[in-house]
Amino acid sequence: MSTVHSTVSLPRAYTPADSEPAIRQQWQDAGIGHVEPPEPDASCYCIVIPPPNVTSALHLGHALNNTLQDILVRYHRMRGTAALWMPGTDHAGIATQSVVENRLMQSGTRRVDLGREAFIQRAREWKDEYEAVILGQLRELGASCDWDRTRFTMDPVCTAAVRHAFFRLYQDGLIERGKRLVNWDPVTQTALADDEVEMEDVAGHMWYLRYPLEDGDGFVTVATTRPETMLGDTAVAINPADPRAASLRGRFVRLPIVGRRIPIVEDDYVVMPDAEGDAKARYATGFLKVTPAHDPNDWDIGLRHDLDVINIMAPDATISDHHGWEDVPDEARRFIGLTREAAREAVVAWFNEAGLLESVRDYSHSVGHSYRSHVPIEPYLSDQWYVRVTDERLRGAALRALSDEQYEGERPAGGTEGDGVIRFTPSRYAKTYQHWHENLRDWCISRQLWWGHRIPVWTLDVPMQGELPTAPLSTPPAGCDLPMCCVDDAALCVRISVDVANETVRIMACVDRDRPELEAALVEAGFAQDPDVLDTWFSSALWPMSTMGWPAPEAFPDTEGLLDAFNPTDVLCTAREIITLWVSRMVMFNRYFLGGRVPFRDVYIHPMVQDGHGQKMSKSLGNGVDPRDIIHSHGTDALRLVMAQIATSTQDVRLGVDLVDPHSGETFEPEFITTPAGHRVAAPVQQSPSVSGAEMVTVYGLLTGESPSEDRPLAKNTSSRFDVGRHFANKMWNAVRFALGRIESPASEVDMQSMSLADRWMCSRLVAAVEDAEKALAEYRFNHYAEVAYDIIWRDFCDWYLEAIKPTIGDDAQQQRVLLSVLDALLRLLHPICPFVTEAVWPHVRALGDRKLPGLDLPDAELVASAAWPVLSASLIDEDAEQQTDRLQRLVGEVRRARSENDVPVKAKIALLAPPRLEDMAKASAGMLAAMCRVAEVRPRGETLPAGMLAFVFDGEEVLLDLAGGVDPEAERARLESKAEALQGTIKSLNGRLSNDAYVQKAPAHLVDETRSQLQQAEADLVATQAAIEALS
RNA sequence: GGGCGAUUAGCUCAGUUGGCUAGAGCGCUUCGUUUACACCGAAGAGGUCACAGGUUCGAGUCCUGUAUCGCCCA
């Protein structure tokens, strides 16, 4: 074997960092991700990336999300379809503005100090910085996106889509301005979407306030957690089922402090008092103060009973008489200007002094907080823009898009394109989607921010003159039932509303995309653009269209043809937390603007990555793992393999977070502490596990004010979970090294008839593995695909096949050809998961010559990334080889166990004494037996059994091993007797099953037959075992 | 309060229409550096499948209830 020298071309161990950068460059040079729209009938595959927020670098959740997408895209590309993966990033309005403001505040600058233009410039600089980081990370991960088509939700292409979508919706009456209660953040003074509100449990109080009845005949007691809002009360409500309701019907209450006369109304929303009931009922009095301007439920009650709405607060949540509160008596003057917290104390004190405070009880409840400023949300009445998503054209379309089998109940009939197309994987998320739409509320899309798409509406208020317009200036479009709607230019939509109280007429003009002259004309005429920007999800909702050039591909020639070829996309791959925020809205918009077409056919929801304690990885806990660190310490393939392995359909995955000791480089499990909020985190300072006395600061330590120093450096987070991936890539690498050393002159032709058992078996296994992988991917079972690839490479190929062919490969040109071909196919099979190591060894394997077998098609390619997925013919399936190998593997297992249990030295050669039925097989596989378990000799077993041998039972026959060193007869007897006992147990259980008539009659015949043959086998094994025991004595 | 999900080996998780002795990786024990790989190989220990009922010839798998944990919505 002089060929060993050729392994020299590969180092002993795979070091990812040595080859990954060059491989990325190769992919980029070859443009593997770039796709042009193909001919109409060609097969297409498309995924749009969930655009990461430009707020910060990508975390492990992104690594998971994007690894899975890349696996799909690489697989479909290898299958020969035009596979487009559209990359890009999201401007993330609130989140980005927030991080930029925080950075400014570090130097004491507020955004208002900078002004709008300068602030947007700062935000743009932040975006440029993080966009580069994110795109770099995606490339590092190996993401084979079409980088030429990289988009950003605020770039000109996407902006055109946002402008036109807004215009169309405005024109069609689906966007309107409305006074509504919003989730108001009084610190940042902006409205928040429902999902931007974080619920927190707060230990507060329930105050019991007495409101005197107007006629002086006693009082009612209301219970409230927010006494300060009573200044805006416009009713007291009671449940109509309450026995006290009848006597109070039609009566009034005189509101303390304010003196307002407010009605008692009956509404079944009111919880009746019940000492045994739920938390709310135990604290209830049966009387509810109703403050429509400051509570969403009260708002609804107000609508039902036509109550006054009195706003008593300014936008900063201080008590104010400038925002709708007019009946302010002198008694209430002293509350004006107080913060809501101070007002609460003052109001309670007033009631106490007036003898109207009945009692106070401790009360824990859930209060919405701003995810941005972390102060309690104030339900606040303000003017906002809404999309009427509850309209049948939007919500109905989204519901009808769901596939029949995933729709709960009868799916509404539709009959337009796209109906019944969307399927969720796992299917249970279809329910989340459906329930969300069934309880949908209109979508507030305006945000009081500077960073985002500015609302394209220009407004002018003019004094009312003469007669009010009583009819639309022109006919509104179909479906638009808004008053005073008029249409002018095809790119201009004007609406007029009348404010009778202030005697003004408001003219609002919405302008379509690409009409700067209209905008200028409006400004010239004194119109001012709305200062607000759109909710980020408005532009995200258009992502599958905007990235493909809608509505004006001719204006952006790079995008021409994309929409027709690639929308609908094939699958949206995302986390479940944005099913409502994003998935739903993409479906509504795509269907609305593209004639019912859905944005994607499949929605795959992947699990969440948690830390070792089941907590979400978050910046504030310092428990996140940076994918770049794993790429550097373990290699990208290791990261990707583990990501694929954990992508199971049932549950979220815990990934224990370890530390890297900066003193020694070793990985260790940190000491954990519990934070005041109850989270498990790494203690701020840790001892080095191996360098005595040395300390380090953790990421959590950094957050709590520890500053790293030269003596006490920062310790990076990592996870030993990725070791398995590193080991696997190294295994693949070394299998190739082995092959390079043995494949000297592969045969140019292969005669399948004369292939060895091992070769036939390996090819047969390969067929099964490729089939399994294809099936797994079709069902989005990434973990199964990873398992299939892992097992065939490590268990079948390395552990068995390579060991089995060691004795013969050197002199067998045909076998060399088989090895080479199988290796090539395995690299293709593995490539979508581990693109780097497969690409790194590819040129070496390619250099060895043709790789093709009858029934195995492997067209050559420069790069494995652009190679074809292996196509195997069923003719390679070899049941006989699989059965024989299975038998041989069991025999090897028995021999190995016998050797191990009897402490036979590894180098000691032993002889196998086989009964006739086994002898042929053993002799035919003598080389393999020698290689796998050091059986040096196979001899026939005579009728008389020689002493001093070890016996075991194989397929009902007694086999002997001549172990050279001899056998301890007592240990041997004990082993055989325990074996016999186990067999007796098996026989008893099988007999029991077969003597059960119901089993024999009802179970499928093949199972019953199987049971019978098992019984036969066990009985034969028992006889042979007992014979062996007798032979011992 | 409503909805969804989870509970399987010391740890992290598989287990596809119910069907042989419930699997993997890590960790642990023992042995081994044989010329692909110690990021390796061989052997082994370790599970009343949360609990209680039910359906069935047969339940980790289906149904009901209980407990605990998680997420979403109110």
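Note that this is a predicted model, so its numbers are computed, not measured. Below, chains carry the letters A, B, ... as their sequence lines are ordered, and counting in each starts from 1.
- A donor-acceptor contact under 3.5 Å links the side chain of A/K731 to the base of B/C37.
- Donor-acceptor pairing under 3.5 Å is recorded for the side chains of A/Y999 and A/T1011.
- Of all nucleotides present, none satisfies the Watson-Crick or G-U wobble test against B/U55 with each distance under 3.5 Å.
- Using N1 to N3 plus N6-O4 or O6-N4 for Watson-Crick, or N1-O2 and O6-N3 for G-U wobble, each under 3.5 Å, B/U61 pairs with nothing.
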Output one line per pair: protein atom, nucleotide atom from nucleotides 42-50 of chain B, and distance, for all N/O pairs under 3.5 Å.
| from | atom 1 | to | atom 2 | distance (Å) |
| --- | --- | --- | --- | --- |
| B/A43 | O2' | A/S900 | OG | 3.1 |

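- When both distances must be under 3.5 Å, the Watson-Crick or G-U wobble mate of B/C37 does not exist.
- As rounded to whole Å, 15 Å separates atom P of B/C26 from atom CG of A/D658.
- Nucleotide B/U17 forms a pair with no other nucleotide shown, judged by Watson-Crick or G-U wobble geometry with both contacts under 3.5 Å.
- Each of B/A36, B/G19, B/U12 was ranked by its minimum atom distance to the side chain of A/P1004; first place goes to B/G19.
- Considering only residues two or more places apart in sequence or on other chains, A/A931 meets the side-chain contact (heavy atoms from CB on, under 4.5 Å) condition with A/P807.
- Note: A/F672 and A/H613 meet the aromatic proximity criterion, with ring centroids under 6.0 Å apart.
- Comparing atom distances between the A/K806 side chain and each of B/A36, B/U12, B/A38 picks out B/A36 as nearest.
- With a 3.5 Å ceiling on both atom-pair distances, the Watson-Crick or G-U wobble partner of B/G1 is B/C73.
- Partner assigned to B/G27 is none, using Watson-Crick or G-U wobble distances below 3.5 angstrom.
- Under the 6.0 Å cut-off for aromatic ring centres, A/F782 and A/Y604 qualify, their centroids lying closer than that.
- Nucleotide B/U68 is matched to B/A6 when pairs are restricted to Watson-Crick or G-U wobble geometry with both distances under 3.5 angstrom.
- Within the structure, the side chain to side chain donor-acceptor pair (under 3.5 Å) test picks out no pair touching residues 987-998 of chain A (sequence neighbours left out).
- In the set B/G70, B/A14, B/A36, the nucleotide with an atom closest to the side chain of A/E787 is B/A14.
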